[in-house]
Amino acid sequence: MTATTETAPPEPEPGHDAAESTGSVEQTARALHSPVVEWFDAHARDLPWRRPEAGAWGVMVSEFMLQQTPVNRVLPVYEQWLSRWPRPADLAAEAPGEAVRAWGRLGYPRRALRLHGAAAAIAERHGGDVPKEHAQLLALPGVGEYTAAAVASFAYGQRHAVLDTNVRRVFARAVTGRQYPPNATTAAERKLARALLPEDEQTAARWAAATMELGALVCTARAPSCSKCPITHLCAWQLAGCPEHVDPPRRTQTYAGTDRQVRGKLLAVLREAVTPVPQATLDRVWNDSVQRARALDGLVADGLVEPLPGGVYRLPMT
DNA sequence: TACTCGTGGGG
DNA sequence: TCCCCAAGAGT
């Protein structure tokens with residue numbers, strides 16, 4: 001954007017930008033740290049992956065499972081998973097299909113495949129120990145910017161900006177004065193998250209978990225419990241009068257009748273099957289043969305289904 | 001960048 | 001009922 005192409009002044013932020021209108025980002029950060037971390041000390045849920053005995057592997061498993069899946073549904077699968085595969089090498093020694101089967105109905109089963117792949121990489125490249133460096137974590141299958149930062153921070157106490165949907169929403173409201181963050185994570189959000197990070201490594205890790213928990217329990221997407229929020233008196237969105245989000249409408253994800261639904265039905269059959277499943281059995285899960293074939297092809301291409309000679313299918317054993 | 005990729009609970 | 005959306009990653 002340049003002065004010559006500028007036809008209108010920059011669009012004003014809705015409400016206050018606390019970082020600009022009430023002082024520096026540093027000042028904003030210092031005002032938020034204590035109340036948020038103290039709230040976390042008092043209200044944090046006792047989740048199994050937060051216990052010391054979970055270890056880095058437990059943290060990593062939980063982060064994979066929690067990608068787009070609510071805590072309540074993850075809990076039982078997490079317990080079974082770590083009981084069966086207490087170390088990365090234990091999972092790496094199994095067939096990938098067993099990971100897909102144990103994944104159950106958590107959704108997005110490619111995550112199970114990637115977790116298996118991550119375990120194999122950890123066993124091969126890292127001596128069986130979850131790596132500590134952000135770059136090494138990021139190189140693992142299924143580990144993106146968020147998960148790498150989360151494992152480094154939660155498992156190893158490092159200082160990283162951990163930007164998940166909860167944290168993004170908390171910052172959007174408390175600091176930027178908007179009801180919701182942008183659809184995709186922006187450079188401005190990353191910059192803000194880094195600027196808000198406490199200097200002290202241990203405190204930064206605590207802050208990361210605390211802001212995430214605040215978003216999950218209090219500063220929720222639909223009906224935030226602002227009366228229970230430890231920073232409601234500092235919240236830029238509150239101070240602006242809780243303006244409604246007006247920008248591009250957030251597109252709703254359709255599901256009924258999509259390939260995803262068909263894939264889910266096909267894989268559900270294969271998860272339950274002890275022996276390879278004949279084509280005819282799979283044909284019964286969906287009427288449209290064209291879409292059914294496309295979905296099955298997709299599952300095979302993704303490595304979630306293994307076709308065997310004779311027109312039978314199973315979860316991948318190789 | 002925008003789209004795909006499951007599943008199910010709560011409002 | 002229907003709709004929203006939940007600790008994202010990969011392409």
Side-chain angles (χ1 to χ4, degrees), chain A residues 40 44-45 47-50 54 58-78 100 103-115 117-118 137-155 160-170 179-187 189 193 205 208-217 219-225 245 248-271 285 294-295 297-299 301-305:
Chain A
F40 186 60
R45 289 168 292 180
L47 300 170
W49 44 86
R50 285 179 178 163
V59 172
M60 172 168 279
V61 169
S62 76
E63 292 304 335
F64 269 76
M65 292 183 173
L66 289 164
Q67 291 169 4
Q68 299 286 278
T69 301
V71 167
N72 289 335
R73 237 185 305 156
V74 164
L75 284 169
V77 182
Y78 171 87
V100 175
W103 196 256
R105 306 186 70 81
L106 288 181
Y108 293 148
R110 292 187 295 188
R111 291 182 293 164
L113 231 41
R114 291 171 185 152
L115 181 51
L137 289 164
L138 199 56
L140 298 172
V143 176
E145 179 184 347
Y146 161 76
T147 301
V151 172
S153 181
F154 302 155
H160 291 282
V162 180
L163 261 189
D164 80 320
T165 186
N166 290 305
V167 176
R168 294 180 61 220
R169 189 174 54 250
V170 169
Q179 185 178 20
Y180 297 115
N183 282 327
T185 305
T186 63
E189 286 182 277
T211 48
M212 191 173 307
E213 190 78 335
L214 187 64
L217 298 183
C219 194
T220 55
R222 266 172 296 183
S225 306
H245 190 82
R250 329 168 75 202
R251 229 180 45 261
T252 166
Q253 59 176 349
T254 55
Y255 180 65
T258 61
D259 286 4
R260 281 156 95 168
Q261 186 179 23
V262 185
R263 287 167 57 107
K265 286 179 175 298
L266 291 170
L267 208 55
V269 171
L270 293 165
R271 273 199 311 265
V285 309
R294 186 172 63 232
D297 285 348
L299 289 170
D302 288 345
L304 284 163
V305 173

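Order of the sequence lines fixes the chain letters, A, B, ..., with proteins taken first and strands second; residue numbering starts at 1 for each chain.
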Without decimals, in angstroms, what is the distance between A:N72 CG and B:dG10 P? 8 Å
Whole-Å gap separating P (B:dG6) and CG (A:L266): 11 Å
C1' spacing across the pair B:dT1 / C:dG8, given as an integer number of angstrom: 16 Å
Side-chain H-bond candidate by donor/acceptor type, A:Y108 with A:R260, under 3.5 Å: yes
Just checking A:L47: base, sugar-phosphate only, or nothing, at a heavy-atom cut-off of under 4.0 Å? base
Closest nucleotide of DNA chain C for A:G142 versus for A:R45: which of these residues is on the 5' side? A:R45
For a quick check, tell me whether the side chain of A:R260 and the base of B:dT7 share a donor-acceptor pair closer than 3.5 Å. no
Rounded interatomic separation in angstrom, taking CG from A:L113 and P from B:dG6: 11 Å
Close side-chain approach of A:T147 to A:L137, heavy-atom, < 4.5 Å: no
Ignoring hydrogens and angles, are the base of C:dG8 and the side chain of A:T165 linked by a donor-acceptor pair under 3.5 Å? no
If we take the P atom in both B:dG6 and C:dT11, what is their distance in whole Å? 14 Å
Flag the pair A:F154 / A:V162 as yes when at least one side-chain heavy-atom distance between them is below 4.5 Å, and no otherwise. yes
Answer yes or no: does a side-chain N or O of A:R111 lie under 4.0 Å from OP1 or OP2 of B:dC5? no
Using a 4.0 Å heavy-atom cut-off across all strands, classify A:R168 as base, sugar-phosphate, or nothing. nothing
Figure out the CG/P separation between A:L66 and C:dA9, and round it to whole Å. 12 Å
Tell me: CH2 of A:W103 to P of B:dC5, nearest whole Å? 18 Å
Whole-Å distance separating the CZ atom of A:F64 from the P atom of C:dG8: 13 Å
In whole angstrom, what separates A:H245's NE2 from C:dC4's P? 14 Å
If you assign each of A:R222 and A:R114 to its closest nucleotide in DNA chain C, which residue comes earlier from the 5' end? A:R222
Between C:dG8, B:dT7, C:dA7, which nucleotide gets closest to the side-chain atoms of A:Y108? C:dG8
How is A:G144 classified with respect to the nucleic acid when contacts are heavy atoms under 4.0 Å: base, sugar-phosphate, or nothing? sugar-phosphate
Applying a 4.0 Å non-hydrogen cut-off, can you work out what A:V143 is touching in the nucleic acid: base, sugar-phosphate, or nothing? sugar-phosphate
Reckon A:Q68 has a side-chain N or O less than 4.0 Å from the OP1 or OP2 of C:dG8? yes
Heavy-atom side-chain proximity of A:R105 to A:V77 below 4.5 angstrom: no
By nearest atom, which of the nucleotides C:dA7, C:dA9, C:dC5 is closest to the A:Q67 side chain? C:dA9
When rounded to whole Å, the CG to P distance for the pair A:L267 and B:dT4 reads 19 Å
Counting only side-chain heavy atoms from C-beta out, which of B:dT7, B:dT4, C:dA7 sits nearest to A:R50? C:dA7
5'-most contact on DNA chain B: A:A223 or A:G104, nearest heavy atom basis? A:G104
Nucleotide of B:dG8, C:dA7, C:dC5 approaching A:A216 most closely (side-chain heavy atoms): C:dA7
Derivation and outcome, side chain to side chain donor-acceptor pair (under 3.5 Å), residues A:Y146 and A:E63: CA-CA 9 Å; A:Y146 161 76; A:E63 292 304 335; 2.7 Å; yes
Select one nucleotide: of C:dG8, B:dC5, B:dT7, the one nearest the side-chain heavy atoms of A:T147. C:dG8
Students often get this wrong, so: under 4.0 angstrom with heavy atoms, is A:R105 touching a base, only sugar-phosphate, or nothing? sugar-phosphate
Return whichever of A:Q261 or A:T185 has its heavy-atom-nearest nucleotide of DNA chain B closer to the 5' end. A:T185
Least distance between heavy atoms, A:A161 atom then A:A193 atom: CB-CB, 3.9 Å
C1' spacing across the pair B:dA2 / C:dA7, given as an integer number of angstrom: 22 Å
Side chains of A:P70 and A:R73 in contact at under 4.5 Å (non-hydrogen atoms): yes
